[in-house]
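Here is the structure we will look at.
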Amino acid sequence: FCYLCIKGVMQSTMSGTCALCRAPVPRNFLFNPELVEPPPSSQSEEEEEEWRWFYEGRGGGWWQYDERTSTDIEHAFLKRQQRQDNDKDDEDEDGEDDDELELLIAGFIYVIDLNAMVQKRKCAPQIQRMIKRDRNIPDKKGVAGISRKKRNKRTNRLQLADGTSV
């Protein structure tokens with residue numbers, strides 16, 4: 001399972017067991033996951049210049065969407081941009097609005113509004129977070145809710161990627 005899938009299952013069922021093998025899943029799994037990042041590679045300039053999508057954190061800062069969600073948002077954004085460049089009506093030929101898309105993220109349906117640049121849960125539209133499209137944010141909080149910061153188990157202090165503790 002990917003992290004977002006298991007997070008959605010754990011939050012919706014509260015059963016505390018794996019959906020596949022039914023083994024117990026520790027409750028702190030959702031709060032202290034290990035972010036596995038590929039080793040640094042010599043990325044080409046083209047790869048570094050890729051657009052990425054971010055959502056605003058509750059306490060400030062920006063979280064990067066997971067790759068699949070980011071790709072879906074980017075596709076909708078480019079389709080919308082192409083429509084605007086062609087100076088078409090606000091609706092596609094099939095009558096659908098390109099300004100909003102619905103995505104299943106961590107067990108919830110989110111509405112991504114590309115006009116207002118916000119995301120909101122479909123079941124709680126009054127709660128909104130800003131979203132943005134950017135090349136890269138070096139000080140992002142993490143990816144899809146998985147923090148880039150690690151908690152030192154011995155001292156219970158946050159340890160940053162450079163080794164300093166907070």
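Keep in mind it's a predicted model, so treat the numbers as computed, not measured. Position 1 is the first residue of the sequence; numbering continues from there.
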message: Measuring centre to centre across the rings, with the benzene-like ring taken for any Trp, is F77 within less than 6.0 Å of W51?
response: no
query: Would you find more than 12 non-hydrogen atoms of other residues, nucleotides or ligands less than 6.0 Å from Q81 atom CD?
result: yes
message: Under a 3.5 Å threshold, yes or no: a donor from one side chain and an acceptor from the other, between D72 and T69?
response: no
field: For the student: nearest non-hydrogen atoms of P125 and C123, plus distance
entry: CD-C, 3.6 Å
message: As an exercise, state the distance from NE2 of H75 to OG of S70, rounded to the nearest 0.5 Å.
response: 13.5 Å
- prompt: So do the side chains of Q119 and Q128 get within less than 4.5 Å of each other, counting heavy atoms only?
  reply: no
Could you pull out all donor-acceptor pairs under 3.5 Å where a side-chain atom in residues 110-117 meets a protein atom, sequence neighbours excluded?
unit_1	atom_1	unit_2	atom_2	d
Y110	OH	R121	NE	3.2
D113	OD1	N115	N	2.9
D113	OD1	A116	N	2.9
N115	OD1	R80	NH2	3.3

E56 bridged to K132 by N-O distance under 4.0 Å: no
task: Kindly determine whether R52 and E74 satisfy salt bridge (Lys or Arg N to Asp or Glu O under 4.0 Å), including the steps that lead there.
output: CA-CA 8 Å; R52 293 172 173 84; E74 181 68 7; over 6 Å; no
query: Below 4.0 angstrom, N of the basic side chain to O of the carboxylate: do E50 and R135 qualify?
result: no
- prompt: Less than 4.5 Å apart, any side-chain heavy atom of I73 and any of Y65?
  reply: yes
field: Criterion side chain to side chain contact (heavy atoms under 4.5 Å, CB included) on R129 and R58, from CA distance to verdict
entry: CA-CA 8 Å; R129 292 190 195 193; R58 287 188 197 128; 2.8 Å; yes
task: Quick one: pull up CD in Q82 and CG in D85 and give me the separation to the nearest 0.5 Å.
output: 7.5 Å
Trace of the salt bridge (Lys or Arg N to Asp or Glu O under 4.0 Å) decision for D134 with K140: CA-CA 11 Å; D134 207 334; K140 66 186 174 200; over 6 Å; no
- request: Output, in order, the C-alpha distance, side-chain angles, deciding distance and verdict of side chain to side chain contact (heavy atoms under 4.5 Å, CB included) for F54 and I131.
  value: CA-CA 6 Å; F54 300 87; I131 64 171; over 6 Å; no
- prompt: When clusters are formed from ILVMFWY side-chain contacts under 4.5 Å, directly or step by step, what else is grouped with L104?
  reply: I109
- request: Check K120 against I127 and note the closest heavy-atom contact, atom names and distance.
  value: CB-O, 3.3 Å
- prompt: Does T71 reach the main-chain N or O of E67 with its side chain, forming a donor-acceptor pair under 3.5 Å?
  reply: yes
task: Take M130 and W62 through the side chain to side chain contact (heavy atoms under 4.5 Å, CB included) test and state the conclusion after the steps.
output: CA-CA 9 Å; M130 300 297 296; W62 293 93; 3.9 Å; yes
